[in-house]
Every structure is written in C-alpha cells, then in structure tokens.
> 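Take this structure first; my questions come after.
Within every chain, numbering begins at 1; the chains are lettered A, B, ... in the order of the sequence lines, protein sequences first and strands thereafter. All values reported here derive from a predicted model rather than from experimental measurement.
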Number of protein chains: 2
Amino acid sequence: MRKKVTLKQLARELNLSISTVSKSLKNDPEISQKTINRVHELASFYNYKPNALAVSLKSNKTKTIGVILPEILNHFFAKALFGIEKEAAKNGYKIVTCITNESYQKEVEYVEMLNYSSVDGFIVALSQETQVLNELDHFKVLKRENVPVVMFDRVSDEIDCDKVIVDDKVASKNAMQYLIDTGCKRIAIVTTIGDISVAKLRLEGAREAAEANKDVSLINLEVKDTIIDLVEKESNAIENEIEKFLKENDLDAVLGLDETAAAITINISHKLGYKIPQDISVIGFTDGLLSKHSYPKLTTVSQHAEDLGAKAAEILLGHLVDDYDENYKTATEIVKTSLIVRESTK
Amino acid sequence: MRKKVTLKQLARELNLSISTVSKSLKNDPEISQKTINRVHELASFYNYKPNALAVSLKSNKTKTIGVILPEILNHFFAKALFGIEKEAAKNGYKIVTCITNESYQKEVEYVEMLNYSSVDGFIVALSQETQVLNELDHFKVLKRENVPVVMFDRVSDEIDCDKVIVDDKVASKNAMQYLIDTGCKRIAIVTTIGDISVAKLRLEGAREAAEANKDVSLINLEVKDTIIDLVEKESNAIENEIEKFLKENDLDAVLGLDETAAAITINISHKLGYKIPQDISVIGFTDGLLSKHSYPKLTTVSQHAEDLGAKAAEILLGHLVDDYDENYKTATEIVKTSLIVRESTK
DNA sequence: CTGAAAGCGCTAACAA
DNA sequence: TTGTTAGCGCTTTCAG
C-alpha cells in the first residue's frame, strides 16, 4: 500500500526543512529559484497534493458547501443540484449533499452534522415538514455562528439570509392568463403539493388572474398526499381522485401546480376520451421529463431550476471570499420563469 | 460571532487539562465519575461537538464517501443516489457527490479531488466517455493506495473492485420473452444509449430470446445521440427518427433499452394512431417517472435502483471498518430485476 | 535565502 | 485519577 506523500517526506529527500518546501511550492519569492525548481520537480514526480484536511484545519475553510434538499427524485431539485454542482466545481468547491426526504427531523440532523463537519456554507431548500411546522431554530444557530446560508425555492421569511426564488405567483398568474386568453373559462387548479410555500403562491396567482376576468370560474382540487408518496407509490389514489374530479366538473382547462398533477391530468383525459387541447387545455409547472415526454407535450412553466441552483451557488460563493463583510444586507433574488408553450394548450 | 467551542475552552473553564476533558467525554473509566459528570454538563451546556476536521486528521478517516455519478437528471441515478445517501446516513457517513456529466475528463478530476480530500471510499458509476475510451488509470491509483471502491451499474472489467450490477442481459431476455409469449412476432429494439455497457448487454439478451424463437424477427434502431443531449434538448431529432422507423416497419412490439426510448415510442404511436397494446406492445427499462406517468402506463424492467445504491453503500461501508482485510477477494453482486407489467403490453 | 517553532483541535501513550 | 507530551500535515511568523 502506497501512502500519500507529505511535505515532510519531500523535505527529507531534498534535505530541506518543511517550511522551505511549503514556501517553494507556493513560489514564495524569498526562496531561491533553484530550490523552488528542485522542490517542484520532486513534488510533481511524487504527484504531491497537499492534504486537504490539514489545510482546512489550519485555514478554517474546507472548500466544501453543504447542500440540503428535500428530495432528489424530483426533476426540479435534481436540476438545481446539477446547477449547484457545476457552479461549485467551477470554483474548486466540493458539495456534500443531504436529502431530508421532506422530514424536519432529518433536516435538523443534517444541518448540525454538516455544520460540525465545517462546511463553509449552506445551500438549502426547506423540507415540507419544516415549512408546515415553521420551526427554524436550526438555521438561527448558523446565523449566530456566522455561517453563510443561501435558501432557494422553499424559503422562509423567518430567516434573514440570501434567497433565490422563482416568482411563483406571477408565473401562475401568467399561466392562468394564457389559458384565459386562449378562450378557457372553466378552469381547475389541481395540486398534490398544497402544503408547501410555493404551491400557496401559485394558487394566489391563479386566483388573481381568474378574479380579474369575471366570466372565468375557478375550481380547486387539492389532492391530499405528500410529495414522497407520490413519487414512491403507484399513486392510484391520486389518479382516482383526479379522475373523479374531471368527471364531475365540466372543465375546459386545468392548471396543474406541479408537474405530476399536470401529467396525470393528461393521462386521465385520454382515458376519459377528452381531446387535448380541443376539449381541455392543460398547463403544468416544472419543466421536467414528464412535460417533455407526455402526449401531447405539456405546456409548462419553466422555473429554470439549473439557473436557480447556479445562482444560489454563485451568491454563496461570493460570501466565501476572504474579505466578506459581516454586516452586509441580505437580498432575495428572483429568477424569472417562462411559459413554454407546447401542444397541450390551444 | 459566536465561535465553536473546543476542548481547550472547556478545559480552561473546568480547570482541567485538555486530555482529561477528552477522556471524560468518552467516559474513559480511568477518570472519576465526578469529573466525567462535570465535563459532560458543561459540554452539553455549550453544545460541544468535536471538530470533525481535527478528528479526521488524527484518525485518517473522514466518515465521508465520495460518490461519482454520470448524471443526476436521470431517475435511475437519482434513485441510486437516494439509496446510497440513506444507507450512508444510517451509518453516520456523509456523502460528497460529483456529477461527471458523462465526461471522462471530469471523472478523472473528481476522483483526484475526492481522493485528496481523503474520502474514505468511493462509489462510482462510470461515465459514458470513460466506457468508450476504456481509460481507467484514475481508478488504478486508488487501488494502489488501497482506497476501497465499489462500482455499480456502469462497471468495468479492468478494475478489480467490488461491483453491484443488474443482470441486464437476463432482464432483457425476459422482457423479450414476455413480448413473444404474448404473441408478438415483429419486435424492434430502440435505444438511445447504444454506447454504454448496459445497453450492449440488453441487446445481447434480446437477441438470444429472439433467436430461440425462430418465427420472431428482430429489428434494430439505435438512435445516435448522447444521453446528455437527450435530457437537455427537446430532442425532436430522436423523435423524428423513431417516427420514421415506426412508419417504415410493420411492428407489433418495441423493446426500448432505456426509458426515454420507450416513452417516445408510446407517444409516437399515439401520433400515428396505433393503439397500445392492441396494435403495438411496448416495454421499457428503468422504472422511473416516465413509466408511471405515460399513457398507457409502461410495462418496464425495474432495476431497483434504490436497492442497488443501498447495496453498493452497504458493501463499501463493510470495507470501512477497522479490521478490514487488505487481501480480500472482490465480488460482484447481482441485483435481480423484475418485470413490472402495466398496460403497455398484452 | 533557509529553518525553527508555534499552533489549528484532537487523540493517546506515557508520566506523575 | 489527572496531566504532559508528541504528533496528524500544513501554514506562517520570526530568527538565523
């Protein structure tokens, strides 16, 4: 078993002191060029790399950011993670990812664990349960210890930190307006994620658009089920509920507040013999795989998840530089959504 | 800014030496119960947690495992990651995740970076490019340094390490046989992932099943496109190619070697007015979101990605215990697949 | 130009 | 029962 080479060993082989070797590796001008060359040569011969742990212990920086996500089996968060990872890698940072599975308890544990592993900062999207309980002390600790946090998508007003969100309300309003503009009058909202902050905003936006057009009626179905169940189960319960709802209501459009709701609506419509978009228009949220591979393809609100993740990472990394002002004022960045019109609307 | 409390501070406040405090925290029997109690009390008052970096530097263990995935915008890998994360968390391990985006270069960089961050071990699924180039020196380095590696799904014979795979050949054979058993005779194979190891195995399996039934004919379409493009683009090119293929060939079944291929086949069939499964049966691989939310729902080979990930983690963790035998013989674990019959087959 | 020494926070062998 | 010391690998100040 070959062990990793250390400064000490290089120093010994070169008959130099550890500190000289260390400085040489950094091309410190106070070291002679000749020595610097000798050191570099041997170092690259052994493929020397400084031990990251030791550097971190000394510098109190790990070049690691903790990412806490509620789910990963969800295109939106997967894509955001992708954006985060890309941005982090570009700047020589690693990410350590924890998935709370929408559990408050897990979230608390992970925040603690990562904090004690000395991550340099956090990127967080809150779990559903955390949002419902509105318990955020675990983040207040970070605040007190001055660990930078950036929240995205699932954020909380209780915590004063940088945030990156999507303007869900406007997005939803626009989507609704699009349906209205294309002649839809009896529009239903279908959601399977009623509990979380973004769904509430989306609902509000849709309401506003509907209320501004007096001949439009809005019907609301909230499928009571957690997000996790949806992904894990065959989810017939949800489908049945949506089927019943579609049969009982005479609709000409559905706005799904999440991708699954929209996808299921499309499939149930087929089953019931409704033509899309002739009989019924459908719009969804989150431009994921389901939207691209449904039939017909789904018109959808794209939240630009990757950009969102990248943006969150960018902001966090900005706080990780040396000369970071402790008393700076936090900001909330709003990433614009766009309505991607495909074939499920007129 | 409140800083984290250290042993030193506890020691000072208690008028004890650092080592006494350290031992007390571990309930070392050579320390008096009284002292132990005092220490514990103050420690929990300050919510003391040992600095993970220092512990790691000392012990040469980080309680972190490096996970290298080709993609994350892919249900299979996302699910595997979920399984890994769960298993790791259960054992007090963190994971640091890197996404190669199917690039060899990135894979090399990440392996190096994580190795020099002293992860305790690796869980890897090879990138497409790595498999095509068949360049695996970056893993041989790990072998030499005795860093445990477990590969899953996308593995290589060149590397002697534990592996967790799915029996793709058998799975594919069974899927094919199922089509044959339900009366299909003119069966096509559609794939968009021809380059990677698993696709080749799946193709082989399908061939074997077809050849064993002499009245069955097999037609093959390999859509030349990388996986990444598929996910990122609207991918009309692929759809057009599949559409042309379906029109030109008189088929009664399609076996998609990846989920996307199967999902697109279903949608194109709708477009062409073919009834599923009456006119054409479809089977896919990877029981992801698309399979559950297609219409009709897709009969699919489930690779049990979560179990696969969990298994890989379990094996790796087994090597991370103290008394690990250096010269143990590596093994390849095969996770059974199952055919989930839904509505896209007779 | 080079080296000795202290220290990051912790553990563990050894002394007292 | 408690404390001293050395050391994990590195950086950095200060001396030589």
> Calculate the interatomic distance between A:L25 atom CG and C:dG3 atom C1'; express it in whole Å.
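Roughly 16 Å, once rounded to whole Å.
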> Out of D:dT11, D:dC14, D:dT2, which has the shortest distance to the side chain of A:S22?
D:dT11
> With DNA chain D as reference, determine whether B:S17 or A:T20 sits nearer its 5' end, using the nearest nucleotide of each.
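With B:S17 and A:T20 compared, the 5'-side residue is B:S17.
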> Among C:dT11, D:dT11, C:dG9, which is the nearest nucleotide to the side chain of B:K26?
C:dT11
> Could you tell me whether A:E314 and A:K311 have a side-chain N and a carboxylate O separated by less than 4.0 Å?
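Between A:K311 and A:E314 there is a salt bridge, with a charged N closer than 4.0 Å to a carboxylate O.
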> Could you tell me whether the side chain of A:S56 and the main chain of A:K61 form a donor-acceptor pair under 3.5 Å?
yes
> Flag the pair B:K106 and B:E109 as a salt bridge only when some basic side-chain nitrogen lies within less than 4.0 angstrom of an acidic carboxylate oxygen.
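A salt bridge is absent here (no side-chain N lies under 4.0 Å from a carboxylate O).
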> Starting at atom NZ of A:K58, determine the distance to atom C1' of C:dG7, rounded to an integer number of angstrom.
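Roughly 5 Å, once rounded to whole Å.
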> If you round to the nearest 0.5 Å, how far is CG of A:L316 from CD1 of A:I84?
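One finds 9.5 Å between CD1 of A:I84 and CG of A:L316.
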> With A:T130, which of A:H138, A:E107, A:E102 fulfils side chain to side chain donor-acceptor pair (under 3.5 Å)?
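Only one option passes, and that is A:E107.
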> Distance check: side-chain N/O of A:S59 vs OP1/OP2 of C:dC8, anything under 4.0 Å?
no
> Salt bridge or not for A:R38 and A:E41, using N-O below 4.0 Å?
no
> Checking only heavy atoms, does the side chain of A:K4 share a donor-acceptor pair with the base of D:dG9 at less than 3.5 Å?
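Absent.
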> I need the residues from residues 7-14 of chain B with at least one non-hydrogen atom less than 4.0 Å from DNA chain D; give them sorted by number, or say none.
none
> For a quick check, tell me whether the side chain of B:S19 and the base of D:dG3 share a donor-acceptor pair closer than 3.5 Å.
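Indeed, a donor on one side and an acceptor on the other fall under 3.5 Å apart.
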> So if I take every side-chain heavy atom of B:A54 and compare against D:dC10, D:dT2, C:dG9, which nucleotide ends up nearest?
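Per side-chain heavy atoms of B:A54, the pick is C:dG9.
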> Does any non-hydrogen side-chain atom of B:H319 lie less than 4.5 Å from one of B:D162?
yes
> Near DNA chain D, counting only heavy atoms under 4.0 Å, which residues of residues 34-51 of chain A show up?
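Contacts with DNA chain D under 4.0 Å: A:Y48, A:P50, A:N51.
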> Base, sugar-phosphate or nothing for B:L16? Non-hydrogen atoms, less than 4.0 Å.
sugar-phosphate
> Got a donor-acceptor contact below 3.5 angstrom from the A:Q131 side chain to the A:V155 backbone?
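Confirmed, A:Q131 side chain pairs with A:V155 backbone.
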